[in-house]
Amino acid sequence: MVMLLAELVLVALFVSLVVVLVWAARAALQAAPGPARLPSRRRAQLAAAVSQARWAAAHDEVDGATRILLRRGYTGLDGMPVVLEQRVFDTVRADETAWESRFTEAMSAARFRCAYLNAEESLG
């Protein structure tokens with residue numbers, strides 16, 4: 001009888017230890033730093049801003065070449081632009097003799113493509 005009681009006490013201690021460890025691990029995971037969750041009003045404002053995202057033509061300089069870009073973005077809650085997606089539309093080498101005409105044509109075509117993409121998204 002004493003052995004049975006001792007075994008029951010050991011099993012109870014083991015189960016208690018497992019429960020305490022699981023509880024501590026769960027508490028530690030919940031307290032771990034993660035992405036801050038926005039209040040519901042700010043989430044709604046952000047969703048409305050993202051739904052207004054538009055395509056726009058842009059350009060930058062990388063490794064001696066001008067890249068003509070298609071960017072889909074919106075104005076963030078802080079008033080700064082936020083880029084959701086960026087695609088390289090065309091590239092013009094900086095040392096190209098007809099750089100200005102190629103750049104102008106590529107930017108014009110990129111603006112046309114952005115207008116098409118914006119119109120397509122407004123239908124859907």
Side-chain angles (χ1 to χ4, degrees):
M1 185 70 142
V2 174
M3 286 300 285
L4 181 63
L5 187 59
E7 287 178 3
L8 285 175
V9 168
L10 284 176
V11 168
L13 285 174
F14 179 74
V15 168
S16 299
L17 179 66
V18 168
V19 168
V20 168
L21 287 175
V22 167
W23 178 79
R26 183 175 177 189
L29 287 175
Q30 287 178 345
R37 185 173 167 94
L38 291 175
S40 61
R41 183 175 184 180
R42 297 289 279 179
R43 282 196 315 270
Q45 291 171 338
L46 183 60
V50 170
S51 71
Q52 297 297 316
R54 308 294 291 160
W55 287 95
H59 62 87
D60 65 5
E61 186 87 17
V62 175
D63 296 329
T66 302
R67 297 186 317 167
I68 290 74
L69 308 167
L70 305 177
R71 286 186 180 156
R72 183 171 179 257
Y74 66 96
T75 303
L77 298 179
D78 59 357
M80 300 298 293
V82 178
V83 176
L84 294 173
E85 186 176 351
Q86 176 173 290
R87 301 175 186 174
V88 176
F89 183 75
D90 199 358
T91 304
V92 181
R93 297 285 317 155
D95 58 358
E96 195 168 318
T97 56
W99 180 90
E100 189 170 351
S101 63
R102 288 249 355 256
F103 174 77
T104 304
E105 287 177 25
M107 282 298 288
S108 176
R111 287 185 190 102
F112 179 80
R113 180 69 177 155
C114 288
Y116 175 80
L117 290 170
N118 288 328
E120 189 176 75
E121 286 182 1
S122 68
L123 295 176

- request: Please list, chain by chain and in numerical order, all residues satisfying side chain to side chain contact (heavy atoms under 4.5 Å, CB included) with Val18, sequence neighbours excluded.
  value: Phe14, Val22
- request: Not counting sequence neighbours, list each pair that qualifies as a salt bridge (charged side-chain N to carboxylate O under 4.0 Å, His left out) and has a residue in residues 48-62.
  value: Asp60-Arg67
- request: Could you note down all residue pairs passing ring pair (Phe, Tyr, Trp, His ring centres under 6.0 Å) where residues 52-76 supplies at least one of them, sequence neighbours left out?
  value: His59-Phe103
field: Residues clustering with Phe112 (ILVMFWY side chains joined when closer than 4.5 Å, directly or via others)
entry: none
query: Would Leu117 and Met107 show up in the same hydrophobic cluster when neighbours are defined by side-chain heavy atoms closer than 4.5 Å?
result: yes
Closest non-hydrogen atom pair between Ala119 and Ser122, with its separation: O-OG, 2.8 Å
query: Taking the hydrophobic residues Ile, Leu, Val, Met, Phe, Trp and Tyr, and joining any pair whose side-chain heavy atoms are under 4.5 Å apart, which ones share a cluster with Leu17?
result: Leu21
- prompt: Do Arg42 and Leu46 have side-chain heavy atoms sitting under 4.5 Å apart?
  reply: no
Closest heavy-atom pair and its distance - Ala110, Leu70: O-CD2, 3.6 Å
statement: Across all chains, not counting sequence neighbours, the side-chain hydrogen bond (donor to acceptor under 3.5 Å, both in side chains) partners of Glu100 are none
- request: Output all residues satisfying side chain to side chain contact (heavy atoms under 4.5 Å, CB included) with Ala56, sequence neighbours left out; order by chain, then residue number.
  value: none
message: Rounded to the nearest 0.5 Å, what separates atom CZ in Arg72 from atom CG in Asn118?
response: 9.0 Å
- request: Tell me, yes or no, whether the heavy-atom count around Asp95 atom CG, taken from other residues, nucleotides or ligands under 6.0 Å, exceeds 12.
  value: yes
message: Show every salt bridge (charged side-chain N to carboxylate O under 4.0 Å, His left out) that has at least one partner inside residues 79-89, sequence neighbours left out.
response: Glu85-Arg87
query: In the hydrophobic clustering (ILVMFWY, side-chain contacts below 4.5 Å, transitive), which residues join Val19, or is it alone?
result: Val11, Val15
task: Kindly give the heavy-atom pair with the smallest separation between Cys114 and Ala57, and that separation in Å.
output: SG-N, 3.5 Å
- request: Using side chain to side chain contact (heavy atoms under 4.5 Å, CB included) as the criterion, list what pairs up with Ala65, not counting sequence neighbours.
  value: Thr91, Arg93
Residue pairs passing the side chain to side chain donor-acceptor pair (under 3.5 Å) test where at least one lies in residues 101-112, sequence neighbours excluded: Glu96-Arg102
message: My understanding is that a hydrophobic cluster links ILVMFWY residues whose side chain heavy atoms are under 4.5 Å apart, including indirect links. Using that, what else belongs to the cluster containing Leu69?
response: Val88
